[in-house]
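Take a look at the structure below.
Both ligands and their constituent atoms are indexed starting at 1 by order of listing. Reckoned from all heavy atoms, side chains included, excluding hydrogens, waters and symmetry mates.
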Amino acid sequence: MLSLNPADCEARQVYKLMTGIIVPRPVALVSTVDGKGAANLAPFSFFSGVGSVPPTILFCPALRAGDSAEAGHRKDTLRNVEETGEFVVNVVSEALAAGANATAADVPPDVDEFQLAGLTAVASEAVRPPRVGESPAQMECRLLQVIYTGHAPGSGVIVLGEVVRFHVREDLLEDFRVDPAGLDAVGRMAGNTWVRTRDRIDLARPK
Ligand SMILES: Cc1cc2nc3c(=O)[nH]c(=O)nc-3n(C[C@H](O)[C@H](O)[C@H](O)COP(=O)(O)O)c2cc1C
């Protein structure tokens with residue numbers, strides 16, 4: 001084994017280690033709105049569930065290099081979540097992957113990534129950010145907490161939210177069980193590589 005102390009590595013090298021080791025990661029396509037209601041959409045693969053009572057999820061926008069903490073340091077998604085306290089996580093199927101990837105373009109805050117990627121904005125029930133119509137499952141969330149793990153470019157920010165509405169395509173749901181084949185979720189590996197969820201294995205739980 002090669003043992004590495006992150007303190008001896010460059011930030012880029014640590015990022016490559018983490019995105020290579022922590023695989024596969026589900027992709028949250030996150031919709032938000034700014035204070036004026038303008039929509040924003042971006043994918044985040046540092047994303048997970050936390051617990052079901054209350055239903056809690058997290059995703060992590062990293063800080064980026066900016067002129068100052070005020071200018072350009074926070075991604076639009078983080079700025080909007082902090083401003084409005086709401087977001088929607090849209091599950092990414094293979095059919096949606098190219099569109100989700102297109103929304104990762106580094107564009108000015110006033111650019112609506114729904115339009116950029118040709119995706120359909122569908123009104124949410126309990127929050128202002130719209131859902132992505134092409135997504136097979138969506139979770140409307142209210143912000144619980146934002147935790148800054150650091151303040152340098154590359155520092156992760158944990159956005160914790162409570163799910164206040166689940167939406168699942170009707171043909172995918174039977175007694176609260178989601179059909180994984182129909183959901184056809186994709187995940188992210190390192191770099192530009194994504195992964196499908198079609199090659200699955202079942203393991204019986206030990207008694
Ligand atoms: C599949 C995928 C996963 C990504 N995951 C993350 C992530 O977990 N954290 C992050 O900060 N950026 C991530 N990005 C990059 C952001 O999507 C990108 O910086 C985006 O422009 C942010 O948009 P915003 O400024 O509108 O929030 C990811 C990009 C892709 C394509």
Side-chain angles (χ1 to χ4, degrees), residues 11-12 14-50 57-67 69-117 119 121 128-130 132 134-135 139 141 143 146-161 184-197:
R12 184 80 208 152
V14 176
Y15 173 80
K16 282 167 76 175
L17 286 172
M18 291 185 71
T19 52
I21 290 170
I22 306 167
V23 287
R25 298 181 304 285
V27 180
L29 182 56
V30 178
S31 21
T32 53
V33 291
D34 68 14
K36 293 179 186 145
N40 190 89
L41 199 54
F44 294 90
S45 66
F46 282 174
F47 159 55
S48 194
V50 177
I57 61 175
L58 63 78
F59 74 96
C60 306
L63 299 181
R64 58 178 151 212
D67 301 332
E70 281 71 50
H73 207 46
R74 286 182 301 169
K75 298 195 177 189
D76 296 339
T77 302
L78 176 59
R79 208 202 46 244
N80 289 352
V81 166
E82 291 194 305
E83 212 169 308
T84 66
E86 297 176 341
F87 61 94
V88 177
V89 167
N90 302 276
V91 169
V92 179
S93 60
E94 186 175 8
L96 179 53
N101 191 47
T103 69
D106 198 4
V107 289
D110 58 336
V111 174
D112 179 345
E113 285 102 347
F114 277 93
Q115 281 185 3
L116 183 90
L119 296 172
R128 279 159 291 178
V132 175
E134 288 78 3
S135 167
M139 295 177 281
C141 299
L143 179 65
V146 176
I147 302 165
Y148 282 69
T149 65
H151 293 279
S155 296
V157 181
I158 303 168
V159 176
L160 269 174
D184 201 22
V186 288
R188 192 187 182 197
M189 307 291 285
N192 289 337
T193 307
W194 296 53
V195 65
R196 297 184 179 95
T197 51

Fill in the blank from the handout: ring-ring contact (aromatic ring centres under 6.0 Å, His included) pairs touching residues 86-112, sequence neighbours excluded, are Phe59-Phe87
Problem - 4.5 Å side-chain heavy-atom contact, Phe46 and Val157 - result: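 No, their side chains stay 4.5 Å or more apart.
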Practice task
State, to 0.1 Å, how close Asp76 and Pro109 come at their nearest heavy-atom pair, and which atoms those are.
Solution key: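 Smallest interatomic distance, heavy atoms only, reads OD2-CA, 3.4 Å.
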Fill in the blank from the handout: For residues 28-40, the side chain to side chain donor-acceptor pair (under 3.5 Å) pairs (sequence neighbours left out) are Ser31-Asn90, Thr32-Asn80, Asn40-Thr77
Handout entry: Spatial distance of atom CG (Leu78) from atom CZ (Arg64) [nearest 0.5 Å]
Key = 10.0 Å
Exercise for the section: Apply side chain to side chain donor-acceptor pair (under 3.5 Å) to Glu94 and list each qualifying residue two or more places apart in sequence or on a separate chain. Expected result: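 Checked Glu94 against side chain to side chain donor-acceptor pair (under 3.5 Å); matches are Arg196, Arg198.
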Exercise for the section: Heavy-atom cut-off of under 4.0 Å around ligand 1: list whichever protein residues fall inside it, by chain and number. Expected result: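 The answer is Asn40, Ala42, Pro43, Phe44, Ser45, Phe46, Cys60, Pro61, Ala62, Arg64, Lys75, Asp76, Thr77, Asn101, Ala104, Ala105, Glu113, Arg188, Trp194, counting any residue whose heavy atom sits under 4.0 Å from ligand 1.
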